[in-house]
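The model shown is predicted, which means the values in this text are computed figures rather than measured ones. Every chain is numbered from 1, with letters handed out A, B, ... down the list of sequences.
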Protein chains: 4
Amino acid sequence: MQTTCFKTVLEKYPIIFFDGYGVIKNYKGMVPGVEKTFTWMLEQQKEYYIVTNDASRSPMQLAESYQRLGLHIDHERIISSGMLAKEYLDLKVHDGIVAYLGTENSAHYIESMGLHPLAVREIDETNIDQVNALLFLDDEGFDWNYDLNKTLNLLRKRTIPAIVANTDYAYPVMQNEVSIAIGGIASMIENIAGKEFIHFGKPDSQMFMFAYDKIRETRTITKKEILMVGDTLYTDILGGNKFGLDTVLVLSGNTQPEEAETLIKTTGIVPTYICDTAAI
Amino acid sequence: MQTTCFKTVLEKYPIIFFDGYGVIKNYKGMVPGVEKTFTWMLEQQKEYYIVTNDASRSPMQLAESYQRLGLHIDHERIISSGMLAKEYLDLKVHDGIVAYLGTENSAHYIESMGLHPLAVREIDETNIDQVNALLFLDDEGFDWNYDLNKTLNLLRKRTIPAIVANTDYAYPVMQNEVSIAIGGIASMIENIAGKEFIHFGKPDSQMFMFAYDKIRETRTITKKEILMVGDTLYTDILGGNKFGLDTVLVLSGNTQPEEAETLIKTTGIVPTYICDTAAI
Amino acid sequence: MQTTCFKTVLEKYPIIFFDGYGVIKNYKGMVPGVEKTFTWMLEQQKEYYIVTNDASRSPMQLAESYQRLGLHIDHERIISSGMLAKEYLDLKVHDGIVAYLGTENSAHYIESMGLHPLAVREIDETNIDQVNALLFLDDEGFDWNYDLNKTLNLLRKRTIPAIVANTDYAYPVMQNEVSIAIGGIASMIENIAGKEFIHFGKPDSQMFMFAYDKIRETRTITKKEILMVGDTLYTDILGGNKFGLDTVLVLSGNTQPEEAETLIKTTGIVPTYICDTAAI
Amino acid sequence: MQTTCFKTVLEKYPIIFFDGYGVIKNYKGMVPGVEKTFTWMLEQQKEYYIVTNDASRSPMQLAESYQRLGLHIDHERIISSGMLAKEYLDLKVHDGIVAYLGTENSAHYIESMGLHPLAVREIDETNIDQVNALLFLDDEGFDWNYDLNKTLNLLRKRTIPAIVANTDYAYPVMQNEVSIAIGGIASMIENIAGKEFIHFGKPDSQMFMFAYDKIRETRTITKKEILMVGDTLYTDILGGNKFGLDTVLVLSGNTQPEEAETLIKTTGIVPTYICDTAAI
C-alpha cells in the first residue's frame with residue numbers, strides 16, 4: 001500500500017489534533033522520531049492538541065507523563081474524555097454523592113467540582129439514597145468481582161445517570177498484550193442492567209467539539225483548517241471524519257500496515273491520508 | 001405520576017430547544033395550546049430553536065409546514081439533521097457524484113453545494129467510479145426493492161462514506177400507525193454490508209452543537225441557559241442530557257403518560273422535568 | 001494456506017451434510033467437479049443431506065432445481081429452514097390466519113398444514129384480529145415499501161409470534177452481486193418493532209437436529225460419524241461445530257481463498273478441515 | 001391479568017420440563033407449595049425434567065441441592081447447560097489442555113472426560129501452545145481482574161474455540177440483589193475480542209433437544225406432549241416456543257405479576273399459559 005509523507009500532509013494544516021497512544025507514544029516509550037515533529041510544529045507555529053480517551057488522570061498528570069518521555073506538551077493542549085465527564089457533572093449534577101469506579105487519583109476530578117465522590121465499595125444503606133450519579137473512570141483502583149456486582153445492584157435500586165468517561169474497550173500494555181479498559185467493563189454492566197449509559201470519548205463528536213471550542217475562544221477558525229492524526233479507524237478516523245475534519249491514519253499503533261487496506265475496505269471508514277508514522 | 005407546570009419550567013431558561021413532531025405538532029396538526037407558548041415566548045423575548053431529525057426538506061420548507069398550521073417560525077430557527085449532512089458533504093466531499101436515496105426535493109441540498117447528486121437508481125457502469133459518497137435522505141422517492149439492492153451492491157464495489165441524515169427508525173403517520181424511516185432502512189443496509197455509516201441526528205451531540213454554535217455567533221451563552229423539550233427519551237432527552245442541557249419530557253407524543261415512569265426507570269434516561277405538554 | 005484433499009476427508013465419514021449454495025452450485029451453475037463427488041458417494045454408500053437456509057421453495061422444488069443442473073438429489077435428502085418453520089406452525093399455531101411475506105409459491109407450505117395463509121398486503125380491519133402468526137418466507141412476492149410498513153404496524157397491533165424462515169442476510173445473484181435476503185429484512189423489522197422474532201436456519205442447532213433426527217428414524221448413529229461441508233464460517237461452520245460435528249470449509253463460495261486464514265483467526269470460528277472445493 | 005390454574009394445565013401433558021431457579025426454588029428456599037406438585041406428578045406418573053442454565057455443578061450435585069430443600073429429584077432428571085459443554089468437548093476436543101474460568105469443582109467435568117483442565121491463572125509460556133479450548137464455567141473460583149485480562153490475551157494469541165456453558169447474564173442472590181453470571185462476563189470478553197463464542201443454554205434449542213433425546217431413548221413421544229414451565233420470557237419461554245413446546249410463564253421468579261402483560265406485549269414472546277406459581 002502506498003503511504004503519504006506525513007510532513008507533506010502537516011504542511012497543509014495550521015491546526016493538528018493528535019491521538020496519544022499509538023501515535024505519539026507506545027508501550028516502549030516515544031514513537032521514534034515524533035519529537036522532531038513537535039519541534040518542527042513549534043518552529044512553524046502550528047497549533048496542536050492531544051485528543052485522548054483517558055479519564056484516569058488529569059491533563060496536568062498526562063502532560064507530566066509526556067514530559068517524562070522528553071516531550072514538552074502544555075496541559076492546556078490536552079483534551080481528554082475525562083474533561084467531558086467533568087463538564088457533564090458540572091452542568092447536570094448539582095449535589096449529593098457521585099459514586100465512582102476508578103483510582104482515588106481519578107476521583108480528584110469529582111472533588112474539585114465541589115461534589116462528593118464515593119468509591120462504589122463504600123456505598124451502603126446509609127448513603128445509597130444520596131447517590132445521584134455513577135461514574136466509570138478507570139479499570140484500576142477497585143475489586144472487579146465485589147465492586148462490579150455492587151455497581152449492578154446500585155443501578156437496580158437507584159434511577160441515576162451512569163457516565164462512562166472512556167469509550168475504549170481495551171488498551172495495550174506491551175507488545176501483543178492488552179488490558180480490558182473501563183469502557184469494556186461499563187458496556188458489560190450496561191448490557192446486564194439493560195440501561196442507557198452516557199459515553200464520552202472518540203469517536204463521539206463531543207470530544208472534537210471540546211477541542212474546537214477551546215481554540216475558538218481565542219481565534220476564528222474553520223474545520224477545514226484542522227487535521228486529525230490517529231492510529232485507530234473506529235475512534236480517531238471515524239470520529240474525525242464525522243466531525244468534518246481531514247484525517248490521517250498512521251500505522252505505528254493499533255492498525256498494522258499489512259491489514260490497513262483490508263480494514264478500510266471492510267469497515268468503510270476512509271481516512272483522508274495514510275502515513276507510516278507521525279514522525280517527520 | 002406528578003408532572004410539572006411547563007410555564008414554570010420555561011420561565012427559568014432564556015433559550016429553549018424544541019423537538020418538532022410529538023411536541024409542537026402531531027398527525028392531527030398542532031398540539032393544542034402550543035401556539036400560546038410561542039406567543040408568550042415572543043413577548044418574553046425567549047430565544048428558541050426547533051431541533052429536528054429530518055432530512056426530507058430544507059429548513060425553508062419545514063418553516064412553511066409550520067406556517068400552514070398557523071405557527072410562524074423563522075427558518076433560521078430550525079436546525080435539522082439534514083443540515084449536518086450538508087455540512088459534512090461541504091467539508092469532506094469535494095467533487096464527483098453523491099449517490100442518494102430520497103426524493104428529488106431532498107436532493108436539492110446536494111446540488112446547492114455544487115455537488116452532483118445522482119439517484120441510486122441511475123447509477124450504472126459509466127458513472128459508478130465517480131460516486132464519492134452515499135447519502136440516505138428520505139424513505140420516499142425510490143423503489144425499496146430495486147434501489148436498496150442496488151445500494152448494497154454499490155457499497156460492495158466502492159469504498160466510500162455512507163451518510164445517514166436522519167437517525168429515526170420510524171415516524172408516526174396517524175394514530176397507532178407508523179412508517180419505517182430512512183434511519184431504519186440505513187441500519188439494515190449497514191448491518192448487511194458490515195460497514196460503519198456516519199449517522200446524523202439526535203441523540204448525537206452534533207445536532208445540539210450545531211444549534212449551540214448558531215446562537216454563539218451573536219451572543220455569549222452557557223449550556224446552563226438552555227432547555228431541551230422533547231417527547232422521546234432515546235433521542236431528545238438522552239441527547240440533551242449528554243450535551244449538558246436541562247431537559248423536559250412532554251407526554252404529548254411518543255411517550256405515553258402511563259408508561260413514562262416505567263420507561264425512565266428501565267432505561268435510566270432521566271429528564272430534568274416531566275410536563276404534560278408544551279402548551280401553557 | 002495449506003488445504004486438505006476433500007476425498008481424503010470424505011472417506012472418514014459415513015454421513016455428510018452439505019450446504020447448497022457456494023458448495024454444490026453457484027450463480028453459474030454446478031461447482032465444477034461436484035457431480036463426481038455425488039457419484040462416488042453413491043458407489044461408497046455414503047449417506048448425505050443438503051442442509052440449506054431456504055424457505056422460498058419446498059424440498060421437492062429444491063430437488064428439481066438440482067435436477068436441472070444434472071444432479072439427482074432425492075427431495076428426502078433436503079433439509080431446509082422452511083421445514084423448521086413448517087414444524088413450528090404445525091406444533092404451535094392451531095387455527096386462524098398466518099400472515100406472510102413471500103411468494104404465493106412459498107405460502108403453499110402454510111396451506112398444506114390446514115392453516116389459512118394471507119399475504120400481508122391483504123390484511124385489513126375485517127381479518128387482522130384472526131391473524132395468529134407472521135411468517136417471513138421470501139424476499140420476493142411483495143411490495144417492500146407498502147408491505148413492510150404494513151408488517152410493522154401489524155406487529156404493533158397484534159401480539160403474535162413472528163417466524164423468520166431463513167436467517168441469511170443476503171444471497172449471491174451473480175459474480176460480485178448480492179441480493180438482500182428475507183433474513184436481513186426481518187431483522188430490520190425486528191429492530192424497529194423492538195420484539196424478539198423466532199429465527200430458523202443455520203447456525204442454529206435446530207437445523208442440524210432436524211437432519212440428525214431424520215437419519216435416526218432408520219438407524220443408530222453418533223454425531224462423530226457426520227461431516228458438515230460449507231462455504232460460510234458464520235452459518236455452516238459455527239453451526240456445525242456447535243452441534244458437535246466435524247466441519248469442512250470449502251473455498252468455492254462465500255469465503256475467498258486469500259481471506260480464509262485471516263477470517264478464521266479474527267472470528268475464532270475454526271473448521272476441522274479446509275478444502276479447495278467439494279469436488280473430488 | 002387473568003392467570004390459569006397450574007394443575008389444570010399440568011393435567012394435559014404427560015411430560016413437563018421445569019426451569020429451576022424462580023420456578024422450583026428461590027433465594028429463600030423452595031417456592032411454597034411446589035413439593036405438592038412433585039408428589040402429585042409422582043402419583044400421576046408424569047415424567048419431568050429440570051432444564052437449567054447451570055454449569056457450576058454436576059447434575060449429581062444439583063440433585064443434592066434439591067435434596068437439601070426436601071425435594072427428591074433424581075440426577076437423571078436434571079439437564080444442565082454444563083452437560084452440553086461436556087458433550088461439545090467430548091465430540092470436538094480430542095487432546096491437549098482445556099483452559100477454564102470457574103471453580104475447581106466445576107472443572108471436574110473436564111477431567112472426567114480424560115481431558116486436562118487448567119485454570120486460566122495457570123497458563124504460561126510453557127503450556128499456552130497446548131491449550132485447545134477455553135471454557136467459561138462459573139463466575140466464582142478466579143480473580144476477575146487478573147484472570148479476565150489473561151483470558152482476553154489467550155484469545156489474541158491462540159485461535160481456539162471458546163465455549164460458554166451458561167447463557168445467563170445475572171442470577172438472583174437475595175431479594176433485589178443479583179450477581180453477574182459467567183454468561184455476562186463471557187459476552188464482555190467476546191465483544192472485546194471480536195470473536196464468536198459457542199454459547200450453551202436456554203433459549204438455545206440444543207438444551208431442549210438434549211432432554212428430548214434423553215426421553216426418546218426409552219419411549220416414543222412428540223413435542224406436543226411436552227410442557228415447558230419457566231419464569232423468564234427470554235430464556236424459558238422463547239426457547240420452549242421455538243423448540244415447538246407449549247409453555248407456561250409462572251410469576252414466582254424473574255417476571256413480576258404487574259409487569260407480565262406489558263413485557264409479553266413489548267417483547268412479542270407469548271407463553272401458551274400464565275400461572276401464578278408452579279404450586280398446585
Side-chain angles (χ1 to χ4, degrees), chain B residues 27 101-103 120 123-125 128 136 138-158 166-195 232-234 254 256 259 263 266-267, chain C residues 27 101-103 120 123-125 128 136 138-158 166-195 232-234 254 256 259 263 266-267:
Chain B
Y27 67 98
L101 288 171
T103 60
V120 162
I123 298 171
D124 59 33
E125 280 179 28
I128 190 167
F136 292 84
D138 198 355
D139 59 290
E140 295 185 350
F142 61 93
D143 181 285
W144 286 21
N145 186 331
Y146 180 79
D147 286 0
L148 293 179
N149 277 315
K150 210 161 167 184
T151 299
L152 177 60
N153 284 298
L154 168 65
L155 289 171
R156 290 167 54 91
K157 284 170 194 155
R158 301 272 296 129
N166 179 348
T167 47
D168 290 348
Y169 273 26
Y171 59 94
V173 285
M174 59 179 98
Q175 192 163 28
N176 278 324
E177 292 267 333
V178 299
S179 217
I180 298 169
I182 190 68
I185 292 170
S187 287
M188 175 179 73
I189 302 292
E190 193 174 15
N191 286 337
I192 299 176
K195 307 219 168 181
T232 309
L233 286 171
Y234 275 100
N254 231 332
Q256 305 298 315
E259 65 178 7
L263 270 176
T266 54
T267 61
Chain C
Y27 68 97
L101 288 172
T103 60
V120 162
I123 298 172
D124 59 33
E125 281 178 28
I128 190 167
F136 292 85
D138 198 355
D139 59 291
E140 296 185 351
F142 61 95
D143 180 285
W144 286 20
N145 186 332
Y146 181 80
D147 286 0
L148 292 179
N149 276 314
K150 211 161 168 186
T151 300
L152 176 60
N153 284 299
L154 168 65
L155 288 171
R156 289 167 55 91
K157 284 169 194 157
R158 300 272 298 128
N166 180 349
T167 47
D168 290 349
Y169 273 26
Y171 59 95
V173 286
M174 59 179 99
Q175 192 163 29
N176 277 325
E177 291 267 334
V178 299
S179 218
I180 298 169
I182 190 67
I185 292 170
S187 287
M188 175 180 71
I189 302 291
E190 193 175 15
N191 286 337
I192 298 176
K195 308 220 168 184
T232 309
L233 286 171
Y234 274 99
N254 232 333
Q256 305 298 315
E259 64 179 7
L263 271 176
T266 55
T267 61

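- Among the candidates B/N191, B/I189, B/I192, the residue making the largest number of heavy-atom pairs closer than 4.5 Å to chain C is B/I192.
- For C/K157, the part lying under 4.5 angstrom from a heavy atom of chain B is the side chain only.
- Contacts with chain B (heavy atom to heavy atom, under 4.5 Å) involve these residues of residues 167-174 of chain C, listed by number: C/Y169, C/A170.
- Minimum interatomic distance between B/N176 and C/R156 (heavy atoms only, all atoms of both residues): O-NE, 4.2 Å.
- With a threshold of 4.5 angstrom between heavy atoms, B/L148 approaches chain C through its backbone and through its side chain.
- In this structure, C/Q175 places its CD atom where only 12 or fewer heavy-atom neighbours from other residues, nucleotides or ligands lie under 6.0 Å away.
- Partner of C/S179 under the side chain to side chain contact (heavy atoms under 4.5 Å, CB included) criterion, chosen from B/N145, B/L152, B/N149: B/N149.
- Of residues 180-188 of chain B, those residues lying under 4.5 Å from chain C by any heavy-atom pair are B/I180, B/G184, B/I185, B/M188.
- If you measure heavy-atom distances from C/D139 to chain B, the contacts under 4.5 Å come from the backbone alone.
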